[in-house]
Amino acid sequence: EKLEDLLFVNSFDDGSYIEATGGYSQDAYTNFLNYKKIMAENGHEVTAEYDKRLQELAYYNLLMAGPDGTKLQYGDERAGSYNTNRYPELVTWYGDHEIEYIDSRGSKGTMPEWSSRLFMESRTSYLRSDWTKNALYLFTNVRGGGQHGHSDDNAIIAMAYGRTLLNDAGIFTYTNTDPYRIWGKSSRAHNTVEINNTTQTIGAAPALENRGTVHEFRTNDSYDFLSQSTISTPGYDHQRTITFVKSGFWIVSDLMTPQDMNKANDYKQIWHMPPAAGITVDKTDMTMRSNYNSGANIIVAS
């Protein structure tokens, strides 16, 4: 009973992971899988509730990566990529051929009829154009920080055609006094809005009152629409609305509402690209762009 309970302590009701990061969820999931295997080897079954949560958490983990398996570097997660066919047991146990398809990146199983998903309990959203390795993909959250989390509410990570175009800094070190750690956890190190040169507050996990609000989530074959707000900016409401036109672009709109309407404020809408992007900025037409010699590039136009 104690071992089985750990799965529910470490995940929300919709199967999303309790901590605001990607890598730790993958590691914890291995233990949950092994527990079910050991029970079966000794002639015992887990409960139906355990099976259901184990299956839901698999979806969360598989979506917590780009279309080609690239790690998001969300929260305290290092760079790298995930292998295919990580959860073959789930096909045997549950006959879930959608998981098989996502896990194999399309080489086996049944392609899901959906492509984008919101995990409401953890306030994490995954917007993607299709299930190919070259799909356009965007991740965002208003999770409110938490254990292993960063000040990254309303931040986005964008990938397309097998390339990370707008990136998260990820983790440098766990030494809290290290300048890289301080910067890497800050709002300035993420694709969000920095208010008056201050960083967002980080709530404790798994305190649900630290989560933001998802006002609307809509998805279909042509576009996705997401509107959400964070509570991690005391004195200000930061509502970010994302319209994802699946033929090739995202529209990101920020509405900043201060409690003190008479105070002058400084809002910085921040964008990060990997070092190899060779960013150039045109102040005349208010654009910044990547300049890779081949493959995908991105234009950020204000």
Side-chain angles (χ1 to χ4, degrees), residues 21-23 63-82 105 116 124-130 132-141 149-173 178-194 197 199-200 224 226 240-254 267-302:
T21 186
L63 295 175
M64 187 66 74
D68 63 346
T70 300
K71 294 182 180 180
L72 301 181
Q73 297 177 233
Y74 166 51
D76 287 340
E77 182 179 40
R78 299 189 183 280
S81 61
Y82 292 112
R105 296 190 200 128
S116 300
T124 53
S125 297
Y126 312 82
L127 314 181
R128 59 187 297 161
S129 57
D130 54 56
T132 67
K133 296 178 183 179
N134 287 327
L136 277 68
Y137 171 100
L138 182 143
F139 169 81
T140 187
N141 83 99
H150 294 180
S151 298
D152 60 2
D153 270 18
N154 275 326
I156 66 173
I157 300 166
M159 303 177 179
Y161 304 102
R163 173 169 287 159
T164 301
L165 296 170
L166 298 175
N167 67 299
D168 191 307
I171 179 177
F172 295 91
T173 173
D178 189 304
Y180 288 103
R181 174 68 169 171
I182 295 170
W183 179 83
K185 290 187 68 175
S186 72
S187 298
R188 183 169 290 189
H190 299 87
N191 299 307
T192 187
V193 175
E194 183 187 65
N197 299 312
T199 198
Q200 297 172 7
D224 293 336
L226 171 67
R240 173 162 277 191
T241 299
I242 301 169
T243 304
F244 172 28
V245 180
K246 296 187 177 182
S247 60
F249 61 93
W250 300 275
I251 302 171
V252 180
S253 177
D254 292 299
Y267 304 117
K268 292 185 178 70
Q269 193 185 55
I270 297 173
W271 305 104
H272 293 273
M273 299 180 191
I279 300 173
T280 54
V281 177
D282 189 325
K283 294 183 178 180
T284 303
D285 63 5
M286 296 295 288
T287 62
M288 60 181 288
R289 65 182 66 210
S290 64
N291 292 279
Y292 295 100
N293 292 329
S294 61
N297 279 286
I298 188 169
I299 299 171
V300 179
S302 297

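None of these values were measured; they are calculated from a predicted model. The basis for the numbers below is simple: all heavy atoms, side chains too, and nothing from hydrogens, waters or symmetry mates.
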- [ ] Compute whether any side-chain donor of one residue and acceptor of the other, for Thr199 and Ser187, lie under 3.5 angstrom apart.
- [x] yes
Task: Atom pair CZ/CZ of Phe139 and Arg128 - distance to nearest 0.5 Å - done: 13.5 Å
- [ ] Identify the two heavy atoms, one from Tyr292 and one from Leu165, that lie closest to each other, and give their separation to 0.1 Å.
- [x] CE1-CD2, 4.5 Å
Open item on the list: Run the side-chain hydrogen bond (donor to acceptor under 3.5 Å, both in side chains) test on Asn297 and Arg163 for me, step by step, so that the C-alpha distance in whole Å, both residues' side-chain angles and the decisive distance to 0.1 Å come before the verdict.
Closed with: CA-CA 9 Å; Asn297 279 286; Arg163 173 169 287 159; 5.1 Å; no
Task: Where Met159 and Leu72 come nearest, the two heavy atoms and their spacing - done: CE-CD2, 3.7 Å
Task: Reported OG-to-OH distance for the pair Ser129 and Tyr137, which is rounded to 0.5 angstrom - done: 12.0 Å
- [ ] Take Gln73 and Asn167 through the test side-chain hydrogen bond (donor to acceptor under 3.5 Å, both in side chains) and record every step on the way to the result.
- [x] CA-CA 8 Å; Gln73 297 177 233; Asn167 67 299; 5.9 Å; no
Open item on the list: Apply salt bridge (charged side-chain N to carboxylate O under 4.0 Å, His left out) to residues Lys133 and Asp68 and explain how you reach the verdict.
Closed with: CA-CA 5 Å; Lys133 296 178 183 179; Asp68 63 346; over 6 Å; no
TODO: Starting at CG of Asp224, measure out to CG of Leu127 and round the result to the nearest 0.5 Å.
DONE: 5.0 Å
Open item on the list: Tell me if a side-chain donor or acceptor on Ser290 pairs with a main-chain N or O of Ile298 at a distance below 3.5 Å.
Closed with: yes
TODO: Assess whether atom CG of Asn293 is packed by more than 12 heavy atoms of other residues, nucleotides or ligands within 6.0 Å.
DONE: no
Task: Closest contact, heavy atoms only, Asn191 versus Arg240 - done: O-NH1, 2.9 Å
TODO: Compute whether any side-chain donor of one residue and acceptor of the other, for Thr132 and Asp130, lie under 3.5 angstrom apart.
DONE: yes
TODO: Identify the two heavy atoms, one from Gly184 and one from His150, that lie closest to each other, and give their separation to 0.1 Å.
DONE: O-ND1, 3.3 Å
Open item on the list: Nearest 0.5 Å, please: how far is CD1 in Ile182 from CZ in Phe172?
Closed with: 12.5 Å
- [ ] Would you give the length of the straight line joining atom OG1 of Thr21 to atom CD1 of Ile171, rounded to the nearest 0.5 angstrom?
- [x] 7.5 Å
Open item on the list: Counting only heavy atoms from other residues, nucleotides and ligands, does the tally under 6.0 Å from CZ of Arg289 exceed 12?
Closed with: no
Task: Greater than 12 external heavy atoms within 6.0 Å of Tyr161's OH - done: no
Task: Close side-chain approach of Ile156 to Val252, heavy-atom, < 4.5 Å - done: yes
- [ ] State which residues pass side-chain contact (heavy atoms from CB on, under 4.5 Å) with Tyr267; sequence neighbours excluded, sorted by chain then number.
- [x] Val193, Ile195, Tyr236, Met256, Pro258, Asn265
Indicate every side-chain donor-acceptor pair of residues 275-282 with a distance under 3.5 Å to a residue at least two apart or in another chain.
{"unit_1": "Thr280", "atom_1": "OG1", "unit_2": "Asn291", "atom_2": "ND2", "d": "3.0"}
{"unit_1": "Asp282", "atom_1": "OD1", "unit_2": "Thr284", "atom_2": "N", "d": "2.8"}
{"unit_1": "Asp282", "atom_1": "OD1", "unit_2": "Asp285", "atom_2": "N", "d": "3.3"}

- [ ] Taking all non-hydrogen atoms of both residues into account, name the closest pair between Ala135 and Pro67 and its distance.
- [x] O-CG, 3.6 Å
TODO: Please report the closest heavy-atom contact between Asp168 and Tyr74, naming both atoms and the distance.
DONE: OD2-CA, 4.1 Å
- [ ] Using a strict 4.0 Å threshold on nitrogen-to-oxygen distance, state whether Asp178 and Lys185 make a salt bridge.
- [x] no
- [ ] Any chance you could measure Thr192, atom OG1, to Asn141, atom CG, to the nearest 0.5 Å?
- [x] 9.0 Å
Task: Short side-chain to backbone donor-acceptor contact, Thr287 and Val300, under 3.5 Å - done: no
Open item on the list: Do Ser116 and Lys246 have side chains that approach each other closer than 4.5 Å (heavy atoms only, starting at C-beta)?
Closed with: yes
Task: Non-neighbouring partners of Tyr82 that pass side-chain contact (heavy atoms from CB on, under 4.5 Å), sequence neighbours left out - done: Gln26, Ala65, Lys71, Glu77, Arg86, Arg105
Task: His190 ring center near His272 ring center (under 6.0 Å) - done: no
- [ ] State, with a plain yes or no, whether a side-chain heavy atom of Leu136 is found less than 4.5 Å away from one of Phe244.
- [x] yes
